Undergrad: 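I have a structure here, written as structure tokens, and I will follow up with some questions on it.
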Amino acid sequence: MKHQISIVFLILALIGCTDKKSKKALNQTSSVKIENYKIELGKVSPKSVFVNDTMSIWGGSLVKGEDGLYHMFYSQWPKKIGWEWVNYSIISHAVSKSPFGPFTHKDDALPDRGAQFWDGSTTHNPTVHKFNGKYYLYYMGNTGDKEIVSVPGKPKLNWVHRNNQRIGVAVADSPNGPWKRSDSPVLDISSDENSHDALMTSNPSVCQMADGKILMVYKAVGKKNKLPAGGPVVHMVAIADSPVGPFKKYPDPVFTFEGETFPAEDPYIWYQDGKYRAIVKRMKHIGHKRIFSLVHYDSEDGIKWDQGKYFEISDRTVVWEDGKTTKFEHLERPQVFMENGEPIALLCAADSLDVNNVRHSFNIQIPLKITKE
């Protein structure tokens, strides 16, 4: 027994002598590789819904600050103009004493800064991370004419803004900011007209790899199909030595299904127990209807992804603490929050339609239950 105690104290002493980067590596790696995860959603508290009467809220990504508070970064735009996320969204910042809320809006992290900037008109779909003592806020940004083309209940898309989407990263020493934005995207489109991402890049998902490099999986649209929509819509992989790039792109799309031109979007990736994991929005096509769900992939190297043994996670149904259930129109933009090395919460964009077909959206924080094999 004394021998075991001595070993424990020796290990703690060694860990205490490591620098921050070494601690990160220790936290990310495991001597035991867990092959299979079964991911289930827990019951949701009413306080775990972040909603606003006048603003459409979409997505939400969470990080814990040195102040002990939980900082959520989310997209929002005025409800009165309709579903105009692509040209009027900004990334805002809310705080809570718990990862499950309630959250209170604090400020706008990445506001409109002028059409002369590549990300000056719109910032959207944030994902926030802390790497080696600094905070990195990855996002989609674009610029354009700001023309409103829809009304509440009748959504349309401003194609100028949609096709100007690029991926950026802002950097800060604190989740309270200030955030330093770049004058150019961290991941731009490819110059080759035949590339999968020749038209636009968006919706980054990022994690630190076992070797300390930065892995990104992102949404890409090419020019193979008729413009302005282009397509197909795929997901690609890129890797960098630094959180601010440059990123090396890999050529093969991931999360694909044969014969489908838009099978998935909104992945969230992380590294745990010897494998890369992902929760992804699946868009299954049955005739002319699309069926949305959340599914699970995993990977040995972060480049090639396979369906997890327990592939299906959720059909968009949420169970509340009182046992009642709600099946949302959408349950997407999954963002996993980890504490003490374990995923404990899934933040999602959710919405419902009223009698006039007007979409009402918000963020929801869902407890996670993960069974490891």
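Everything quoted here is computed from the prediction, not taken from an experiment.
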Undergrad: Can you tell me if N356 uses its side chain to pair, donor with acceptor, with the backbone of V358 under 3.5 Å?
TA: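 Looks like no, no N/O pair under 3.5 Å.
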Undergrad: Measure centre to centre between the rings of F292 and F328, then say whether the value is under 6.0 Å.
TA: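 No, they do not, as the ring centres are separated by 6.0 Å or more.
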Undergrad: Is R290 paired with E260 through a side-chain N to carboxylate O contact shorter than 4.0 Å?
TA: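 No.
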Undergrad: Is S56 close to W85 at the side-chain level, that is, under 4.5 Å between some pair of heavy atoms?
TA: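 No, their side chains stay 4.5 Å or more apart.
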Undergrad: Using the ring of each side chain (for Trp, its six-membered ring), is F311 parallel, tilted or perpendicular to Y297, with breaks at 30° and 60°?
TA: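 Aromatic pair F311/Y297 classed perpendicular.
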Undergrad: Taking side chain as C-beta onward, heavy atoms only, is F337 less than 4.5 Å from M72?
TA: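 No, too far: nothing below the 4.5 Å cut-off.
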Undergrad: Which one of Q335, H93, R333, H105 satisfies the side chain to side chain donor-acceptor pair (under 3.5 Å) criterion with Y74?
TA: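 Going through the options one by one, the only one that passes is H105.
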Undergrad: Identify the two heavy atoms, one from G231 and one from V221, that lie closest to each other, and give their separation to 0.1 Å.
TA: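 Nearest heavy atoms, G231 then V221: N-CG1, 3.4 Å.
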Undergrad: Would you give the length of the straight line joining atom CG of L331 to atom CD1 of I364, rounded to the nearest 0.5 angstrom?
TA: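 Going from CG on L331 over to CD1 on I364, the span is 7.0 Å.
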Undergrad: Any donor and acceptor pair, going by atom type alone, linking the side chain of S75 with main-chain N or O of S89 inside 3.5 Å?
TA: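 No; judged by distance alone, with no hydrogens or angles, the pair does not exist.
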Undergrad: Using atom types as modelled and distance alone, determine if a side-chain donor or acceptor of K224 lies under 3.5 Å from a backbone N or O of N194.
TA: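 No.
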Undergrad: Classify the ring geometry of Y37 against W270: parallel below 30°, tilted from 30° to 60°, perpendicular beyond 60°.
TA: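 Rings of Y37 and W270: tilted, 30 to 60°.
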Undergrad: For the residue pair T54 and K79, establish whether any side-chain heavy-atom pair is separated by less than 4.5 Å.
TA: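 Side-chain contact under 4.5 Å: no.
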Undergrad: Show the nearest heavy-atom pair for residues N158 and V160, with the distance to one decimal.
TA: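 Here N158 and V160 meet closest at OD1-N, 3.1 Å.
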Undergrad: For the residue pair W58 and N125, establish whether any side-chain heavy-atom pair is separated by less than 4.5 Å.
TA: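 In contact.
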Undergrad: Determine whether L41 and L368 satisfy the following criterion, side chain to side chain contact (heavy atoms under 4.5 Å, CB included), listing intermediate values before the conclusion.
TA: CA-CA 5 Å; L41 307 185; L368 275 179; 3.9 Å; yes
Undergrad: Starting from V86, can I reach Y139 by hopping between I/L/V/M/F/W/Y residues whose side chains sit under 4.5 Å apart?
TA: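 No, Y139 does not connect to V86 through the hydrophobic network.
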Undergrad: Given side chains that start at C-beta, do those of K275 and I34 come closer than 4.5 Å, heavy atoms only?
TA: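 No. Closest side-chain heavy atoms not under 4.5 Å.
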Undergrad: For W305 versus A278, what's the shortest heavy-atom pair and its separation?
TA: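 Reported closest heavy-atom pair: CZ3-CB, 3.5 Å.
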Undergrad: Give a yes-or-no answer on whether the side chains of S150 and E84 include a donor-acceptor pair shorter than 3.5 Å.
TA: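 Yes - a donor-acceptor pair under 3.5 Å links their side chains.
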Undergrad: Going hydrophobic residue to hydrophobic residue with side-chain gaps under 4.5 angstrom, can you get from Y136 over to V186?
TA: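 In one cluster with Y136: V186, yes.
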Undergrad: Does a sphere of radius 6.0 Å around NZ in K213 hold more than 12 heavy atoms from other residues, nucleotides or ligands, not counting ones at 6.0 Å or beyond?
TA: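 Count not over threshold, so no.
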Undergrad: Do NZ/NE/NH1/NH2 and the carboxylate oxygens of R113 and D119 come within less than 4.0 Å?
TA: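 Yes, charged N to carboxylate O under 4.0 Å.
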Undergrad: Decide whether N142 and T122 meet the rule of one side-chain donor and one side-chain acceptor closer than 3.5 Å.
TA: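 Per modelled atom types, N142 and T122 side chains form a pair under 3.5 Å.
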Undergrad: Between T325 (side chain only) and V318 (backbone N and O only), is there a donor and an acceptor less than 3.5 Å apart?
TA: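 No: the side chain of T325 does not pair with the backbone of V318.
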Undergrad: Could you point out which residue of H360, H330, E332 forms a side-chain contact (heavy atoms from CB on, under 4.5 Å) with D351?
TA: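 Result: among H360, H330, E332, H330 is the only option passing the side-chain contact (heavy atoms from CB on, under 4.5 Å) with D351.
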Undergrad: Does V149 belong to the same Ile/Leu/Val/Met/Phe/Trp/Tyr cluster as Y88, with side-chain heavy atoms less than 4.5 Å apart forming each link?
TA: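 Result: no, two separate clusters.
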Undergrad: State the NE2-OH distance between H296 and Y310, to the nearest 0.5 angstrom.
TA: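 Taking NE2 in H296 and OH in Y310, the distance rounds to 11.5 Å.
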Undergrad: Decide salt bridge (Lys or Arg N to Asp or Glu O under 4.0 Å) for K156 and E147; before the verdict, give the C-alpha distance in whole Å, the side-chain angles of both, and the deciding distance to 0.1 Å.
TA: CA-CA 11 Å; K156 291 184 180 180; E147 181 184 357; over 6 Å; no
Undergrad: Under 3.5 Å, is there a donor-acceptor pair between the side chain of S190 and the main chain of A198?
TA: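 No: the side chain of S190 does not pair with the backbone of A198.
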Undergrad: In terms of side-chain geometry, is the basic nitrogen of E321 or K47 positioned less than 4.0 Å from the acidic oxygen of its partner?
TA: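 Salt bridge between E321 and K47, a charged N being under 4.0 Å from a carboxylate O: no.
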Undergrad: Please report the C-alpha distance between D173 and K134 in whole Å, then the side-chain angles of each, then the deciding distance to 0.1 Å, and finally whether the salt bridge (Lys or Arg N to Asp or Glu O under 4.0 Å) criterion is met.
TA: CA-CA 5 Å; D173 293 323; K134 283 188 175 290; 2.5 Å; yes
Undergrad: If the threshold is 4.0 Å, N to carboxylate O, is there a salt bridge linking K33 and E300?
TA: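 Looking at K33 and E300, the cut-off is met.
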Undergrad: Shared ILVMFWY cluster between L62 and Y135, side chains joined below 4.5 angstrom?
TA: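 No, because L62 and Y135 fall into different hydrophobic clusters, even though each may have its own neighbours under 4.5 Å.
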Undergrad: With side chains defined as the heavy atoms from C-beta onward, is the minimum distance between T201 and M236 less than 4.5 Å?
TA: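 Sidechains of M236 and T201: no contact.
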Undergrad: Looking at W83, I'd like to know if the NZ or CZ of R359 sits under 6.0 Å from its six-membered ring centre while staying within 45 degrees of the ring's axis.
TA: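 Pair R359/W83 counts as cation-pi.
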Undergrad: Answer whether the closest heavy-atom distance between the side chains of R282 and I291 falls below 4.5 Å.
TA: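 Result no, sub-4.5 Å side-chain heavy-atom pair not found.
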Undergrad: In sequence, state the C-alpha distance, the side-chain angles, and the governing distance for L110 and W179, and then conclude on side chain to side chain contact (heavy atoms under 4.5 Å, CB included).
TA: CA-CA 8 Å; L110 302 182; W179 293 95; 4.0 Å; yes
Undergrad: Taking the side chain as every heavy atom from C-beta outward, state whether V295 and I313 have any atom pair closer than 4.5 Å.
TA: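 Contact flag for V295/I313 side chains = no.
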Undergrad: Indicate yes or no: does E339 engage K64 in a salt bridge with an N to O separation below 4.0 Å.
TA: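 Salt bridge: yes.
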Undergrad: Please answer whether the main-chain N or O of P267 pairs with a side-chain N or O of H235 as donor and acceptor at a distance below 3.5 Å.
TA: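 It does not hold such a pair.
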